Structures are given as C-alpha cells and as structure tokens.
Amino acid sequence: MVVEYDIIGFWTEIKLSIIREYASAYSSILNSKGFYHVYIDAFAGPGEQISESTKKLVAGTPKIALATEPPFQAYYFIDLDNAKVDELNKLARNNTDIRVFHGDCNKSLLTKVFPNVLWEDYRRGLCILDPYGLDLSWNVIETAGQMKSIDLFLNFPIQDINRNVLRRDRTTVYPGSIERMNNFWGDSSWEDKAFSSKGNMFGYKTKVDNETFALSFKRRLEEVAGFKYVPRPIPMKNSMNSTIYYLFFASHHDVALTVVNDIFRKYRILGAG
Ligand SMILES: C[S@@+](CC[C@H](N)C(=O)[O-])C[C@H]1O[C@@H](n2cnc3c(N)ncnc32)[C@H](O)[C@@H]1O
C-alpha cells in the first residue's frame, strides 16, 4: 500500500521544532534522574511529512522522537490508516523498542499504552496528541491528567471547531459535529464558553474570540483533567494570520513548565503567536 504524505505549512514545522526541543530536554532530564521514560505518539502518521516550502520530506513526530538523544526506553506509535501503519512497522523492524498499534488511539491508549506508564512503577511518558480535527476523546486527556506520569502536547483544532461546530447559525450544525465536540470537550459545557449569553440584533448568539475559547479549554485541562501546569497555548497561524490550531502543553512538573515556557517564548517571538 502506498502512503500519502501530508504536506505541511510553516506553522506545522514550528510545532515540530517545539516538540523536537522539548523531547530532547525531557529525555535528558529523565535520563539523568534514572527514570524509565517512554514516548507516545497517538496520531502518529507515517513518520515523515512533506514541507510545503521546500517540497522535501521532513521528519514527522515519530522520526523526531527516534532521533532524540538520549533515547527513550520505548516508543508507542498508533495510527488508523493502513498505509501509515505499514511505514511505522518498517521503522519498528530495526528497533525492538518500538511498538506499533493499528486502530483508534482513543481505545488503544487506554487499554494498551497508558498501563505501561504508571506513576507507581516509576515510569514517565511524553505523549503527543496531534489529530487533524475533533478526533480525540476527553477520556484520554482526563486519564493522562490523572495518571500524573504523563506530559502532553495537544493539538486543539480551532479551525475544525469554528467551521463545523461554532457556526453563527446554530441550525446549520450537524448533530454529528456536536457529538464530536462533546466527545473532545468531555461534555456539552463548551457551548456556554463559546457563546455569550445575549443574542445580537439579528438573533444570533455572539461567539467569543478564539483565544478566550482556548483559555476555557486550558482551565478544563487544569480543573477537570487535573494537570498542575498548563501554560498559555501557542496559536499556530497560517500566512493569512488565521489560527489553524492551538498547541497546548500540560504537565505535573514545575521543571517541565520552565522548559516549555522557554521554548514557547522563543517561538512566540519568532511569530508563532
Ligand atoms: C496530523 S496527522 C499526525 C502527524 C504527526 N504528528 C507528524 O508530525 O508526523 C494525524 C494522523 O492521525 C491519524 N488518525 C486519525 N484519527 C485517528 C485515530 N482515531 N486514532 C489513531 N490515528 C488517527 C491519521 O491517519 C493521521 O496520520
């Protein structure tokens, strides 16, 4: 089966740089403390992507993790797509530390992956949740938060949300989109956060801005999932200055927060928002 590589804009290359820098610092710190630490890529893709600017293949998150020094003790890669899983299996042929799962990560994370990263077993994990859209279940996020052993990067797909869920004319929203949003958010409380209570002069509810909505999700990561540290997310913007997604980070460790704040600050200065 022939894999189709995704073509990625510069904002996604910024995300990859952020993950590369954090993975390196994370692995060094945990290695120096003697922790068994793993890398988890739930929406892994085939390992590489095509840069829109250079037209060349660049390492995606799985290959970035594999190149990280010092190495992780285990790598868990999950994808739904047959051809992408074939590529991931090729990576696993030469590396017995890689485990590849084919299927919906919302299930395999909970049943096959997270049980290998328990706090009480002195294990720690860096988990990347990078869906295209609203394909992630809150259950996964909340479980990761409560495990306390997991640091998370999470793609909050605001473009998909705006297009399909937060439409001004609520009668045009498909019930399936509402269901996907409830599943991502964990319940239907997003509706109160997304719209101000008063309608405007045309009878439509007024939508809050993207940043305000993303900050409501930040509070949810803290207050409901129980992550201790969730910095302000980075808006990943395209050349039209439109935010495609927010990159969130969540952790239980103050050192992780310090490291990620330094990285986020650098990329905010470079214009990532
Ligand atoms: C944005 S891409 C990931 C790119 C990757 N993080 C990288 O940097 O190379 C999202 C991937 O998620 C996969 N996917 C979509 N829904 C999924 C699900 N429920 N479980 C696992 N993988 C899924 C898609 O096949 C696609 O490869």
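Remember, it's 1-based here, ligands and their atoms both numbered in the order they're listed. These numbers come from a predicted model, not from an experiment.
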Set of residues satisfying salt bridge (Lys or Arg N to Asp or Glu O under 4.0 Å) with respect to Glu179, sequence neighbours excluded: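 Per chain and number, Glu179 pairs via salt bridge (Lys or Arg N to Asp or Glu O under 4.0 Å) with no residue.
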Trp119 six-ring centre to Arg124 NZ/CZ under 6.0 Å and within 45° of normal: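 Arg124 over Trp119 ring: yes.
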Aromatic plane relationship, His37 with Tyr26 - under 30° parallel, 30 to 60° tilted, over 60° perpendicular: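 Judged by the thresholds at 30° and 60°, the geometry between Tyr26 and His37 is perpendicular.
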Tyr246 and Phe213: CA distance, side-chain angles, deciding distance, ring pair (Phe, Tyr, Trp, His ring centres under 6.0 Å) verdict: CA-CA 11 Å; Tyr246 283 88; Phe213 190 55; 9.3 Å; no
Below 3.5 Å only, please: the N or O atoms of ligand 1 paired with protein N or O atoms, distance on each line.
residue	atom	partner	partner atom	Å
ligand 1	6 (N)	Thr61	OG1	2.8
ligand 1	6 (N)	Asp130	OD2	2.7
ligand 1	8 (O)	Thr61	N	3.1
ligand 1	8 (O)	Thr61	OG1	3.2
ligand 1	9 (O)	Gln49	NE2	3.4
ligand 1	9 (O)	Thr61	N	3.3
ligand 1	19 (N)	Asp104	OD1	2.9
ligand 1	20 (N)	Gly103	O	3.4
ligand 1	20 (N)	Cys105	N	2.9
ligand 1	22 (N)	Leu80	N	3.3
ligand 1	25 (O)	Asp79	OD1	2.7
ligand 1	27 (O)	Asp79	OD2	2.7
ligand 1	27 (O)	Lys84	NZ	3.1

Contacts of Asn241 that satisfy side chain to side chain donor-acceptor pair (under 3.5 Å) - sequence neighbours left out: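 With neighbours one apart ignored, the set is empty.
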By ring-ring contact (aromatic ring centres under 6.0 Å, His included) - contacts of Phe153 (at least two apart):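 Counting only residues at least two positions away or on another chain, Phe153 forms a ring-ring contact (aromatic ring centres under 6.0 Å, His included) with Tyr22, Phe249.
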